[in-house]
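In this text the structure is predicted, and so the values were computed from the model without any measurement.
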Amino acid sequence: MFRTRRLAFASVAALAATALVAGCASGDGGSTSGASGNTLTLWTHNAGNSAELDVVKKIIKDFNGSQDTYEVKLQAFPQNDYNSSVVAAASARKLPCLLDVDGPNVANWAWGGYLAPIDVSGSEVPLSDQLPSTVGRYKDKLYAFGFYDVSLTFFARKSVLNEYGIRIPTMAEPWTKGEFDAALAELKKSGKFQYSLEMGTGGSGEWWTYAYSPQLQSFGGDLIDRDGYRTASGTFDGKDSVAWATWFRSLVSNGYMAKKSGADPNKDFLAGKSAIQWDGSWNAAKNADKLGDDLAIIPPVDFGDGPKIGGASWQWAMSSTCSNKAGAQAWLKFSRQTKYFVDYAKATGTLPGTEAAAEQIDGYQPGGKFNVLIQFARKYSLVRPVTPAYPYISTEFQKATQDILAGADPENALGQAVKDIDTNLKTNNYYAS
């Protein structure tokens, strides 16, 4: 799942080299034996994100202090360099025992042999208590779990919507496509805003697929035929997907949305440059602090096939080369305590992964002003395609969508993406195990 972060970056090559040494100094899959017991290395993408990293450190400290059989040691990477370090280490069979993985990549890493199935039965928090999008499965096996998720939402000022006669939608009655298009036209006509809509088109990478493919899916399209995951033909280039792409381009051609938004779209929304913002739950508290009761937290538009948002964020897993799987699973089970679900959500401004955790977080408890975001995640979340091909599909979606906003013919752009995706699927024998 995507979250905007400000990170400190370092050389990829240097990080990979450091990772290979620190991740498995003994060359046996991330665990070593010493006088004090078994030492396991844990990798995380959170260098530069001190709030979340501090929670990871706390769990490690608590676990190490709770018993004297295992010791977990931390190695942190900046998020932008993390995946390349994992791939390099996997190629050399030098992965650590414990690592985090972005939810959409679980299938690819499991298929690629990076991850081993895990067993967390007997944990304090049952898997059944979690938001479904926080559990990473592939081919009916559990490979990962997360402590939180995030939710896409529209933000607006109630006063602005009321001023221009725009209905404030609810989960019971979300905006339809017709209502949404009419609202954008009315806001543009007012001349009060630089843009009616802010959609973060200046973003990069996975943001594009996370933010915009749910709208395609609400039109009735998808990135791939999920029945077997063997082709994108007829789905990603089908009439519903083309209709979405044509509409998406019209947002720019009609002047409702910037072809490339500014560096801080949420700041622009709060400054009144845009009237409605498509953003994430991570900015809900900040916006509420600024706008108070005037803030409207709005469900996604129903473009015809129901409202949709993306699902799955960072999750914890065990490597297939770990030589001490008992120790790794002991840490994973230990971490599954409600207090840590609470700690993660408080530190990161994310959605707590369980109802029990939500009840302990101001604003997210039942009836709280942000609880609706958890309801969005439960009702509207659609995980990105659970196939090892997903990273490639996501890259093709990003390219096609950016080309469309730049003026490419929607049908041609999606058609080319489908050809490339289907070639990738065939080349990889449809990612058969």
Side-chain angles (χ1 to χ4, degrees), residues 3 5 7-8 10 15 18-19 21-26 28-79 81-82 85-86 89 95-102 118-127 129-130 134 144-148 313-319 322-350 352-354 356-357 360-361:
R3 281 189 291 136
R5 296 182 178 179
L7 298 175
L15 279 167
T18 301
V21 175
C24 183
S26 64
D28 66 350
S31 68
T32 59
S33 296
S36 60
N38 297 308
T39 301
L40 302 95
T41 303
L42 175 150
W43 283 8
T44 179
H45 70 286
N46 281 307
N49 179 19
S50 60
E52 187 166 346
L53 185 61
D54 284 348
V55 179
V56 179
K57 289 178 178 178
K58 178 180 179 181
I59 298 173
I60 291 173
K61 181 179 179 181
D62 290 353
F63 174 75
N64 288 346
S66 71
Q67 43 73 51
D68 57 11
T69 303
Y70 309 112
E71 181 183 11
V72 172
K73 291 189 175 180
L74 174 70
Q75 177 74 35
F77 301 81
Q79 182 173 331
D81 297 334
Y82 180 73
S85 297
V86 170
L95 283 172
C97 269
L98 294 160
L99 67 165
D100 56 9
V101 51
D102 200 4
I118 58 175
D119 176 9
V120 294
S121 57
S123 304
E124 177 183 306
V125 176
L127 286 169
D129 285 1
Q130 292 193 223
T134 64
F145 66 86
F147 291 87
Y148 56 78
S313 190
W314 287 88
Q315 301 175 1
W316 287 100
M318 175 177 67
S319 74
C322 176
S323 63
N324 194 336
K325 290 183 171 61
Q329 294 195 131
W331 185 85
L332 291 169
K333 289 183 181 182
F334 177 89
S335 73
R336 296 180 52 76
Q337 299 182 49
T338 295
K339 64 182 179 181
Y340 298 133
F341 282 80
V342 172
D343 288 342
Y344 268 110
K346 284 184 175 180
T348 60
T350 52
T354 69
Q360 299 182 39
I361 302 173

For the NZ atom on Lys73, are there more than 12 heavy atoms of other groups (residues, nucleotides or ligands in this structure) within a distance under 6.0 Å?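 Count not over threshold, so no.
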Does a side-chain heavy-atom distance below 4.5 Å link [X] with [Y]?
X	Y	result
Phe145	Leu332	yes
Leu53	Leu74	yes
Ile361	Phe341	no
Tyr82	Asp100	yes
Thr348	Val55	no
Lys58	Lys339	no
His45	Asp102	no
Val125	Tyr340	no

What's the spacing between [X] [atom1] and [Y] [atom2] if we round to 0.5 Å?
X	Y	atom1	atom2	value
Thr338	Asp343	OG1	CG	11.0 Å
Lys333	Phe63	NZ	CZ	11.5 Å
Thr354	Gln360	OG1	CD	8.0 Å
Asp119	Lys325	CG	NZ	13.5 Å
Leu99	Leu42	CG	CG	8.0 Å
Ile118	Met318	CD1	CE	7.0 Å

Does the plane of the ring in Trp331 sit parallel, tilted or perpendicular to the ring in Trp316? Use 30° and 60° as the thresholds.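 Perpendicular, since the angle between the ring planes exceeds 60°.
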So, for [X] and [Y], which heavy atoms are closest and what is the spacing to 0.1 Å?
X	Y	result
Ser313	Tyr148	OG-CE1, 3.4 Å
Ala144	Gln315	CB-OE1, 3.5 Å
Ser319	Leu95	CB-CB, 3.9 Å
Ser323	Cys97	N-SG, 4.0 Å
Val101	Ala317	CG1-CB, 4.1 Å
Trp43	Ala89	CH2-CB, 3.5 Å

Would you say the side-chain atoms of Gln337 pair up with the backbone N or O of Glu124, donor to acceptor, closer than 3.5 Å?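 Such a contact is absent between Gln337 side chain and Glu124 backbone.
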Would a distance-only check, ignoring hydrogens and angles, find a side-chain to backbone donor-acceptor pair under 3.5 Å from Asn324 to Thr39? no
Check the pair Trp314, Tyr344 against ring-ring contact (aromatic ring centres under 6.0 Å, His included), reporting the backbone distance first and the verdict last. CA-CA 11 Å; Trp314 287 88; Tyr344 268 110; over 10 Å; no
Could you check Phe147 against Thr350 for side-chain contact (heavy atoms from CB on, under 4.5 Å), going step by step and ending with a plain yes or no? CA-CA 9 Å; Phe147 291 87; Thr350 52; over 6 Å; no
